[in-house]
Amino acid sequence: MPVTLTHWGAYDVAVVDGRRIDVRPVTKDPDPSPLGANLAALADHPARVRRPAVRRGFLEEVASGRRGRRSDRRRGDDAFVEVDWETALDLVAAEIDRVRTEAGPASIYAGSYGWASAGRVHNPQTWLFRLLGLVGGFTRTVNSYSYAAAEVILPHVAGNFFDVLGNHTPFEELARHGRLVVAFGGLPAKNTQVENGGTYRHLAPGGLRALRDGGVRIVNVSPLRGDVDRSLSATWLPIRPGTDTALILALANTLVAEGLADRAFLDRYCSGVGPFLRTVADCPPEWAEPICGVPAPTIRELARDLAAGPSLVTASWSLQRADHGEHVYWAVIALAALLGQIGTPGGGFGIGYGSVNRVGSAESRFSLPRIPAGVNPVKGFVPVARITEALERPGAAFTYDGATHHYPDTRLVYWAGGNPFHHHQDLGRLARAWQLPECVVVHEHMWNALARHADVVLPAATLLERDDVGSSPQTGTIVAMPRILEPIGEARTDRAIFSGVAHRLGVGGPFDEGRDDRAWLEWVWAETVDRAARDGVALPDLDGLFAVGAVDLPRPPEPRVLLAPFRDDPDVAPLRTPSGRIELHSEVLAAFGHPDVPAGPCWRPPLEWLGAPLASRFPLHLVSNQPATRLHSQLDVGAASQAGKVAGREALRMHPSDAAARGLAAGDVVRVHNDRGACLAGVVVDDGVVEGVVVLPTGAWYDPVEPGGLCRAGNPNVLTSDRPTSSLAQAPAAQSCLVEVTRWEGPVPELTVDRPPTFVDRP
Ligand SMILES: Nc1nc2c(c(=O)[nH]1)N[C@H]1C(S)=C(S)[C@@H](COP(=O)(O)OP(=O)(O)OC[C@H]3O[C@@H](n4cnc5c(=O)[nH]c(N)nc54)[C@H](O)[C@@H]3O)O[C@H]1N2
Ligand SMILES: Nc1nc2c(c(=O)[nH]1)N[C@H]1C(S)=C(S)[C@@H](COP(=O)(O)OP(=O)(O)OC[C@H]3O[C@@H](n4cnc5c(=O)[nH]c(N)nc54)[C@H](O)[C@@H]3O)O[C@H]1N2
Ligand SMILES: [Mo]
C-alpha cells in the first residue's frame with residue numbers, strides 16, 4: 001500500500017473506487033495523529049478547484065483598460081469564468097510582464113507565506129521565487145506568523161533564534177536531570193501532531209510521558225487547563241492572557257528579594273544586569289497579582305520552588321503573538337538567568353516545547369536538498385504580517401529592527417501554498433486593502449476564501465496527485481510520496497504551472513534546466529544520495545526508495561543541552577549577541593530610541609487585555625489558538641475537522657459563569673463580535689477556561705455573508721487586530737483581542753465556502 005507524508009503524519013493510503021481514499025497511520029508511528037482523516041477530502045471534495053478560472057470583473061477590467069489602484073473591485077464577491085490553460089497562462093504571463101515593465105519588479109508582491117504541503121520537489125514557494133527571480137524579482141516577506149517577534153528579539157538577547165530553536169534539550173534529558181518544568185502556554189499535545197516538512201513518528205507525546213515518568217513536576221501557566229494533557233497530572237496555574245511577562249517579572253523579583261538569584265551566573269554570563277535588577281525591583285508579586293490574576297503568595301511559592309532544584313522555564317510560541325510579544329521571551333530568558341541553570345541538562349529555558357513535534361527531540365536530523373530558488377534582485381521586503389498596511393500605504397515608511405524601510409507600490413499579488421484569508425488578522429480590513437492591486441494570482445486546491453479573492457485561480461495538483469519525496473525533519477526518515485490519484489479535473493503541479501508561465505516570459509530554459517517533474521525528483525534524489533554518502537549513509541536509488549516507501553537514516557540520537565558550550569566557557573563559545581553574553585539590557589535597542597521598544601524586558605499593558613478600558617465594551621479576551629482538529633485552515637471540510645464543529649460552526653469554549661451571564665448553553669450558536677468584525681460559533685461550556693476568556697481556534701474557512709461582513713463559519717481572524725507587536729519586530733499580535741459574545745437569534749445562515757463559487761460564461 002502506498003505511503004504519503006503530511007505535516008501531521010505519515011499514512012498508508014488505499015484507493016477505493018478509483019477516487020475515494022482510505023488512510024491509516026504507518027505502524028512505525030508510536031502516537032499517530034487522527035488528523036489523517038481529513039486527507040480524504042483532498043481526494044474528491046466538491047470544493048476542489050478543477051479548472052483554471054478568472055474573475056468576471058477582472059476580465060471586464062482587462063477588456064476596458066480600467067486598471068490601476070481601485071477600491072471598488074469585487075474580489076471575494078464575484079463570479080468566475082472557467083477558461084482553458086492556454087488562456088489562463090497567457091493572462092498571468094502578460095500581467096507579470098506588464099507590471100514589471102510599467103512599475104518595476106518590486107510591485108510584484110510574492111511573499112506567498114504559508115505551509116503548503118509536505119514534499120521537497122513540489123514546494124510552491126520555491127518555484128514561485130525561481131520564476132520571478134528570473135524575470136527581475138519581487139517583494140519578499142521576512143519572518144513568520146509562528147514566531148516573528150522571537151526571531152527579531154532573540155539576536156538582541158541570546159543570539160540567533162534558529163540556533164536556539166534547533167538545539168533544545170531533549171525531553172528525555174530533562175526527565176533524567178530535571179525536577180520542575182514551568183510551562184507558560186502549556187505543552188499542548190494538540191500542537192505536537194504537527195511539524196513543518198512532515199512528521200513520520202510523533203515523538204513529543206512520548207517525551208512528555210518520559211517527563212512525567214521521570215518525576216518531573218509540570219506547572220501549566222495558561223488560560224486553558226487543557227494546554228497540558230490530563231494524563232501528565234500537571235498543576236494548572238490559571239492566568240489572564242497577555243500578562244505572563246508581569247508574572248515572570250514578579251517571579252524574578254521574589255528570587256532577588258529572597259536572595260535566591262544566582263549572582264555568579266549573572267556576573268559571568270550576562271550583561272546589563274544592573275538596569276534589569278532595577279526594573280525587577282519595581283515588580284513585586286503584589287504589583288503583578290491584579291494584572292495576571294495569580295495571587296501574590298502563589299507567585300512567591302512558585303519562585304521558591306523554581307530555585308529549589310533543576311527547573312526549566314518554557315513558553316509556547318503563542319505568547320509572543322501579542323502586543324509587546326518580544327518581551328515574553330526576554331523575560332523568560334532573564335528569569336532562567338536568575339536561576340543560573342542555563343546550559344545544564346535539567347534546567348534553563350525553552351522556546352516552544354509543545355508548540356510542534358520537533359522541539360525537545362533528541363533524534364538526529366537530515367534535511368533534503370532544496371530546489372534552487374535562484375536570486376531575487378529586489379532587496380525590499382515587508383514584515384510578513386504587515387501585508388494589509390503594505391497594500392494600503394504604498395511608499396510609506398516603516399521601522400523594522402531599528403531601521404527605516406518603505407512599502408512597495410504593489411500592483412500584482414501572487415500566492416501559492418498559503419492562505420492569507422486564514423492566517424492574517426483583521427480579515428475585514430485585509431479584504432478592503434486586497435481590492436487595491438491590479439491583479440491577484442493564486443494556485444489552490446480548494447475554492448477557499450483565498451481562491452475567491454483572486455483574479456486568476458489555477459488548480460494545483462495535491463500531494464496525492466504527484467510524485468515527490470519528503471523527510472521528517474525530526475526523525476531522519478525519508479519518505480517516498482508517490483502519485484496515488486490522477487490529478488482531479490485539469491489540475492497541474494505548481495512546478496508545471498510556473499514552467500508554463502516561464503516559457504511565455506522567455507525564461508523557460510533557465511527555469512526548467514531541461515527537467516520536468518520526474519527529472520527534478522531524480523535531481524533531488526541524486527543530491528540526497530550524495531549528501532547522505534558524505535555522512536557515510538548508503539541510500540537506495542529512487543526506484544528502491546519508492547519500492548520500500550520510507551527509509552530511516554541509521555544515525556544515533558544527538559544528546560544536546562541548550563547553550564551547554566556557552567556555559568562551559570562563554571569566552572570560547574560566546575553568544576551571537578553584541579556583548580557575547582545574555583543581554584538583560586540592550587544598548588542597541590536603547591540607541592534605536594523608539595518609544596515602543598524598551599531596552600530591557602518589561603511589562604507594558606497591551607492595547608487589548610482584560611484590564612484595558614476597552615474591556616468595558618468587550619469584556620471577553622479571545623484566545624485564537626491552533627486547532628486540535630486540523631492544520632490551520634487546511635482541509636476544514638475534512639472529517640476530523642467537521643467532527644469538532646458545534647452546530648456546524650467552529651466551537652467556542654467559555655467558562656460556565658460567562659455562559660450563564662449571557663444565558664448561553666452548550667450547543668448554542670453565538671455571534672462573537674467587536675468593532676472589527678463578527679463571526680458565528682457554537683458554544684462549548686468548559687470550566688477549564690479562565691473566566692473572562694473565550695477560545696476560538698483558527699482555521700474555519702472565512703465565509704462572509706457580504707464583503708467584510710459576518711463570517712458564518714467562525715474564523716477568529718475577523719475579530720483579531722493586525723496591529724504589530726511593536727515597531728521592533730512588526731510581528732503578528734493576534735492574541736491581544738477583546739470581544740463580546742451574544743446569542744444568535746433567528747435562522748443560522750448556511751455556509752457557502754464548502755462548494756465552488758458561481759461560474760458564468762465569458763462576458
Ligand atoms: N488568529 C490567529 N491567526 C493565526 C495564528 C494564530 O495563532 N491565531 N497562527 C498563525 C500561524 S503560526 C501560522 S503558521 C499561519 C498559517 O497560515 P497558512 O500556512 O497560510 O495556513 P494553511 O491553512 O496551512 O494554508 C496553506 C494553503 O495552501 C494550500 N496548499 C496546500 N498544499 C499546496 C500545494 O501543494 N500547492 C498549492 N498551490 N497550495 C497548497 C492549502 O489548500 C491552504 O489553503 O496562521 C497564522 N494565523
Ligand atoms: N493541531 C495543530 N497543531 C499545530 C498547528 C495547527 O494548525 N494544528 N499549527 C502549528 C504551527 S504553524 C505553529 S506556529 C504552532 C504554534 O504553537 P503555539 O503558538 O504554541 O500554539 P497555540 O495553540 O496558538 O498556543 C498554545 C496555547 O497558548 C495558550 N495561550 C494563548 N495566549 C496565552 C497567554 O497570553 N498566556 C498564556 N500563558 N497562555 C496563552 C493558549 O491557551 C493555547 O492553547 O503550532 C503548530 N501545531
Ligand atoms: Mo505557525
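Both ligands and their constituent atoms are indexed starting at 1 by order of listing. One-based numbering along the sequence shown.
- Residue contacts with ligand 2: Gly242 is included, with a non-hydrogen atom under 4.0 Å away.
- Atom numbering of ligand 2 starts at 1 in the shown order; those under 4.0 Å from a heavy atom of Leu224 are 42 (O), 44 (O).
- Interatomic distance, CD of Gln735 versus CZ of Arg321, reported as 6.5 Å (0.5 Å rounding).
- Expressed to the nearest 0.5 Å, how far CG of Asp468 lies from CZ of Arg120 amounts to 10.0 Å.
- Aromatic ring centroids of Phe498 and His443 lie under 6.0 Å apart.
- Counting atoms of ligand 2 from 1 in the listed order, those under 4.0 Å from a heavy atom of Gln193 are 1 (N).
- Checking each of Asp494, Leu485, Leu521 against Arg466 for a side chain to side chain contact (heavy atoms under 4.5 Å, CB included) leaves exactly one that passes, namely Asp494.
- Here Thr243 has no heavy atoms under 4.0 Å from ligand 2, in either its backbone or its side chain.
- Closest non-hydrogen pair, Gln730 versus Ala385, comes out as O-CB, 4.4 Å.
- Contacts of Lys190 with ligand 2, taken as heavy-atom pairs under 4.0 Å, involve both backbone and side chain.
- Taking every heavy atom of Ile239 and a limit of under 4.0 angstrom, the matching atoms of ligand 2 come to 38 (N).
- Contact shell of ligand 1 (protein heavy atoms, cutoff 4.0 Å): Tyr113, Gly114, Trp115, Ala116, Ser117, Pro124, Tyr145, Ser146, Arg321, Gly417, Gly418, Asn419, His422, His423, Gln425, His443, Glu444, His445, Asn448, Ala460, Arg466, Asp494, Ser624, Gln626, His632, Ser633, Gln634, Thr698, Asn717, Thr720, Ala734, Gln735.
- When heavy-atom distances to ligand 2 are checked against a 4.0 Å cut-off, Thr629 has no atom that comes that close, whether in backbone or side chain.
- Residue Gly186 places no heavy atom under 4.0 Å from ligand 2.
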